[in-house]
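The structure under discussion appears below in the form of structure tokens.
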Amino acid sequence: MMDGVGTSTVSTIDITRMPRGGPDASCLDRLLQTGRREYLDRASDGDADLEARKRSVIRALDWTGEVFGNHEKFAKIVLDEVAEVADPRILELGAGHGALSRKLLDWHPTARLTVTDVEPASVAAIAAGDIGAHPRATVREMDATSLDADDEEFDLAVFALSFHHLPPDSAARVFAEGTRVATKLVIIDLPRPPAPLHVLQLAAMLPLAPFAPFLHDGVISSLRAYSPSAMRALAAYADPSIEVELRGGLFSPQVVVASRR
């Protein structure tokens with residue numbers, strides 16, 4: 001189903017102050033968010049301990065993606081969206097460990113991938129590995145909110161498990177930029193549970209969060225995840241011509257497919 005938010009509604013939203021639960025978020029839902037940064041969001045600046053924690057989180061994300069099949073699930077979502085394109089040009093934003101792009105290159109014999117991240121260390125690590133040597137892959141440092149790419153240069157742009165890192169004004173720019181450079185923008189991110197369930201989820205995670213970097217970032221990620229209502233508002237704020245299709249459930253990743261009318 002295609003969803004939109006009318007321009008009159010958008011004009012009343014102060015996007016910088018919009019709750020992660022969206023303009024219609026309940027009082028409890030508005031409390032369940034934070035401005036605290038994850039380890040992955042912090043500049044290391046030579047801090048060896050912080051750098052080690054960031055590497056630990058990235059390894060855990062890659063490991064859980066393999067164990068729970070997320071890399072395969074996300075690759076299928078992407079390839080289903082370009083099934084009618086013979087030689088798809090795909091842009092991955094916020095690639096992190098690069099596992100999704102690696103799976104796309106393995107599964108599609110003619111897809112061309114541009115693999116990007118805003119973190120120089122992540123870009124360097126991807127470029128130094130098998131993806132960097134792949135003949136159908138290009139690795140670049142790129143900010144998802146300001147893409148160094150031409151209009152409609154790609155058939156699809158995908159942003160997986162990183163969208164929640166961005167504040168609302170930057171998140172809206174991803175919608176604007178992603179649908180500018182690509183025919184489709186696919187955002188795959190954490191679901192935001194209903195507030196009572198969210199409280200229970202956080203209660204289970206919080207006791208171990210100080211001791212495990214992955215859970216520390218997981219708690220903050222959960223508090224920063226956007227609801228479907230927020231996704232619609234962000235897309236409409238970015239450009240009223242953007243249409244979004246939302247999928248996903250309480251216990252599965254949230255999937256947003258955005259394109260311009």
Side-chain angles (χ1 to χ4, degrees), residues 19-22 25-26 28-75 77 92-100 102-103 117-119 121-122 125-126 144 158-168 170-171 187-228 230-231 248-256:
R20 297 288 174 134
S26 68
L28 177 57
D29 198 3
R30 290 167 187 259
L31 292 174
L32 297 174
Q33 62 182 58
T34 181
R36 187 178 178 86
R37 293 183 298 167
E38 301 172 44
Y39 290 132
L40 291 182
D41 296 324
R42 303 178 191 177
S44 299
D45 295 330
D47 185 335
D49 180 63
L50 176 56
E51 190 59 38
R53 289 171 187 263
K54 292 172 74 171
R55 288 197 301 270
S56 172
V57 173
I58 291 172
R59 285 195 302 270
L61 287 169
D62 192 12
W63 182 83
T64 55
E66 286 291 343
V67 171
F68 295 103
N70 284 338
H71 301 331
E72 288 83 359
K73 292 173 188 174
F74 297 170
I77 290 168
E92 184 179 7
L93 305 170
H97 42 63
L100 174 56
R102 182 176 295 108
K103 193 67 65 176
D117 199 282
V118 72
E119 284 287 337
S122 293
I126 295 171
V158 58
F159 199 18
L161 299 185
S162 295
F163 191 75
H164 60 274
H165 289 275
L166 302 174
S170 297
I187 296 170
I188 306 171
D189 209 8
L190 303 175
R192 186 175 185 86
L197 181 59
H198 202 173
V199 170
L200 294 175
Q201 181 187 78
L202 291 168
M205 297 171 68
L206 278 170
L208 295 175
F211 309 103
F214 178 62
L215 287 178
H216 170 277
D217 276 18
V219 167
I220 296 174
S221 293
S222 177
L223 291 168
R224 298 172 76 184
Y226 289 103
S227 71
M231 291 290 195
L250 291 177
F251 305 106
S252 62
Q254 182 173 202
V255 179
V256 181

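All heavy atoms count here, side chains included; hydrogens, waters and symmetry mates do not.
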Report yes if some heavy atom in the side chain of [X] is under 4.5 Å from a heavy atom in the side chain of [Y]; otherwise report no.
X      : Y      : value
Pro194 : Leu250 : yes
Ser56  : Arg59  : yes
Phe251 : Pro193 : no
Val57  : His216 : no
Ile58  : Arg55  : no
Leu61  : Phe214 : yes

Nearest heavy-atom pair of [X] and [Y]: which atoms, and what distance?
X      : Y      : value
Ala230 : Pro19  : CB-O, 4.4 Å
Ala225 : Pro191 : CB-O, 3.9 Å
Ala195 : Leu32  : O-CD1, 3.7 Å
Arg53  : Tyr39  : NH1-OH, 2.9 Å
Lys103 : Ala75  : CG-CB, 3.7 Å
Leu202 : Ser222 : CD2-OG, 4.0 Å

**Message:** Do the side chains of Arg224 and Asp189 get close enough for a salt bridge, i.e. N-O under 4.0 angstrom?
**Reply:**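 Salt bridge absent between Arg224 and Asp189.
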**Message:** Does this structure show an ion pair linking Asp29 with Arg20, if we count only N-O contacts that are shorter than 4.0 Å?
**Reply:**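 Salt bridge flag = no for Arg20 with Asp29.
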If you measure from [atom1] on [X] to [atom2] on [Y], what distance do you get to the nearest 0.5 Å?
X      : Y      : atom1 : atom2 : answer
Ile188 : Phe159 : CD1   : CZ    : 11.5 Å
Asp49  : Lys54  : CG    : NZ    : 12.0 Å
Ile126 : Arg102 : CD1   : CZ    : 8.0 Å
Arg192 : Ser221 : CZ    : OG    : 12.0 Å
His97  : Glu66  : NE2   : CD    : 9.0 Å
Leu190 : Leu223 : CG    : CG    : 11.0 Å

Quick check against the 3.5 Å criterion: does [X] have a side-chain atom that pairs as donor or acceptor with the backbone of [Y]?
X      : Y      : answer
Thr64  : Ala60  : yes
Ser44  : Gly46  : no
His71  : Asp62  : yes
Arg30  : Gly21  : no
Asp117 : Ser122 : no

**Request:** Before giving the answer on side chain to side chain contact (heavy atoms under 4.5 Å, CB included), spell out for Asp45 and Leu50 the whole-Å C-alpha distance, their side-chain angles and the decisive distance to 0.1 Å.
**Result:** CA-CA 9 Å; Asp45 295 330; Leu50 176 56; over 6 Å; no
**Request:** Name the orientation class of the two ring planes belonging to Phe68 and Trp63 (parallel below 30°, tilted from 30 to 60°, perpendicular beyond 60°).
**Result:**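 It falls in the perpendicular class, over 60°.
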**Request:** Might you work through the side chain to side chain contact (heavy atoms under 4.5 Å, CB included) test for Phe163 and Gln254, ending with a clear yes or no?
**Result:** CA-CA 11 Å; Phe163 191 75; Gln254 182 173 202; over 6 Å; no
**Message:** Could you walk me through whether Val255 and Ile77 satisfy the side chain to side chain contact (heavy atoms under 4.5 Å, CB included) test, starting with their C-alpha distance in whole Å, then the side-chain angles of each, then the deciding distance to 0.1 Å, before giving a yes or no?
**Reply:** CA-CA 9 Å; Val255 179; Ile77 290 168; 3.8 Å; yes
**Message:** I want to know whether Tyr226 and His164 have ring centres closer than 6.0 Å.
**Reply:**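 Tyr226 vs His164: aromatic centres not under 6.0 Å.
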**Request:** For atom CZ of Arg42, decide whether the heavy atoms of other residues, nucleotides or ligands shown that lie under 6.0 angstrom number more than 12.
**Result:**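 Count over threshold, so yes.
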